[in-house]
Colleague: 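Pasting a structure below so you can have a look.
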Amino acid sequence: MIEIRNLYKRYHNHHGSPWVLENINLTIPQGVSVGLVGRNGAGKSTLLRLIAGMDNPERGAIERNCRVSWPIGLAGGFQGSMTGRQNVKFVARVHGGRYQVEEIIQRVQDFAEIGEAFDEPIKTYSSGMRARLNFGLSLAFDFDIYLSDEATAVGDRAFKAKASKAFKDKVGQASLIMVSHGEGMLKQLCQAGIYLKDGQAIWYDDIKDAIADYHAETDAVREKQDAAPRSGTLQKPKTSNPNMQKKGKKSVEADDIQSLENRLETKENELTVAKHAFEHAKSLGLVTPGNPSPYRKRFRKAHQQFHQTKQRLQQARNASQTGSENNLNPHGAADNSTD
Ligand SMILES: Nc1ncnc2c1ncn2[C@@H]1O[C@H](COP(=O)(O)OP(=O)(O)OP(=O)(O)O)[C@@H](O)[C@H]1O
């Protein structure tokens, strides 16, 4: 069982320190596999890292009364200059105890199927090869709970099938806490769900309900986005919005919102790539505290651009909303018939 009590987490970025997780309270029972859902940036990976004990909360506590794996997925904490074999040997020794080091190495080598690269330095690996090794390594130990961060999304078709089979084979002996954008996979492997939204975690006994509520949120956002250009179109008439004029601002056109939405999507993709590259570089030892690194710089820049675009889009939507309300109700009387 995992007990999460009054958990708070935030990162100190140049644009502020908003809470990523705010007062999370959860009890995750043993033997129940849980799917973690939420929008990009909702804090899913952050929560997994905290559960694994790889990061510390700002406040609150996590009690683990069982053996919990590290998050299996793209990023791995391997030492880049050491070979795959040496890394596995190192972890097998650290875990020590009843495990036979040579047996573990063999199991990982068999699962990862990376051929001769097993004896090459990790820094020469592709992200898929690192994911295979990371996956194989975590499966070689008997954990009660495996943490999976998009672990079944990496690799080619054959590896994906092998990865999901490996999790299915664990049913009965262990459970999963799993982040995946593949809903089919979540429904197949998990019973319960946690939906992360606005820093809060909502528990669902049935993963399908968690996914349904997550869909409701994304659908509502999409509907709002679809509605925004329509209200922008309403204010297209030659007469501009008088309130806007007073503030000296240009009225917002539907095209502006659409192009900002497109830009936000691009910036989000760039941020995801930069984040993975940064984490990858960190695990290879290429990023050290206080050391200027192009990976960190790129991640920060992508982060900044994403948030700036998001802010601009929000402003554009607000302006569009105000504009259309004023156009529909030119005398400025409150119109409560919508929203
Ligand atoms: N090391 C870090 N430094 C600064 N900010 C971070 C760091 N890691 C995550 N964040 C920020 O914390 C928030 C939550 O990130 P997290 O990766 O946990 O979200 P997620 O739900 O897993 O997102 P995704 O679905 O895109 O993988 C985001 O705003 C992200 O930019």
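Indexing begins at 1, ligand by ligand and atom by atom, following the structure's order. Note: hydrogens, waters and symmetry copies are ignored here, and every other heavy atom, side chains too, is used. Just so it is clear, the structure is predicted and the values come from calculations on it, not from any experiment.
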Colleague: Would you say V20 has any N or O atom under 3.5 Å from an N or O of ligand 1, going by distance alone?
Modeller: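 So ligand 1 has no N or O lying under 3.5 Å from an N or O of V20.
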
Colleague: Please say whether H307 places an N or O atom under 3.5 Å from an N or O atom belonging to ligand 1.
Modeller: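 Among all N and O atoms of H307, none is under 3.5 Å from an N or O of ligand 1.
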
Colleague: Heavy-atom contacts with R39 under 4.0 Å: which atoms of ligand 1 show up? List them by number with element.
Modeller: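 Counting atoms of ligand 1 from 1, those under 4.0 Å from R39 are 21 (O).
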
Colleague: According to the interplanar angle, ranging from 0 to 90°, do the rings of F299 and H303 count as parallel (below 30°), tilted (30 to 60°) or perpendicular (above 60°)?
Modeller: perpendicular

Colleague: Check whether Y125 forms a cation-pi arrangement with R130 (NZ or CZ under 6.0 Å from the six-membered ring centre, at most 45° off the ring normal).
Modeller: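 So R130 doesn't make the cation-pi contact.
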
Colleague: Quick one: which of F299, Y11, W19 has a heavy atom closest to atom 12 (O) of ligand 1?
Modeller: Y11

Colleague: Could I get the full list of side-chain contact (heavy atoms from CB on, under 4.5 Å) partners for Y11, not counting sequence neighbours?
Modeller: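 Applying side-chain contact (heavy atoms from CB on, under 4.5 Å) to Y11 gives K9, N13, V20, T46, R49, D55.
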
Colleague: Short list, please: which atoms of ligand 1 are under 4.0 Å from a heavy atom of T46?
Modeller: 14 (C), 15 (O), 16 (P), 18 (O)

Colleague: Is a donor from one side chain sitting under 3.5 angstrom from an acceptor on the other, for Y195 and E217?
Modeller: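 Result is yes, a qualifying pair exists.
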
Colleague: Would you say G38 touches ligand 1, if touching means a heavy atom closer than 4.0 Å?
Modeller: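 False for this residue.
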
Colleague: Could you work out, with side-chain contact (heavy atoms from CB on, under 4.5 Å) as the rule, every residue matching N6, not counting sequence neighbours?
Modeller: N23, N25

Colleague: Has N87 got a side-chain atom pairing as donor or acceptor with Q79's backbone, closer than 3.5 angstrom?
Modeller: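 Such a contact is found between N87 side chain and Q79 backbone.
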
Colleague: At the 4.0 Å heavy-atom cut-off, does R49 count as touching ligand 1?
Modeller: yes

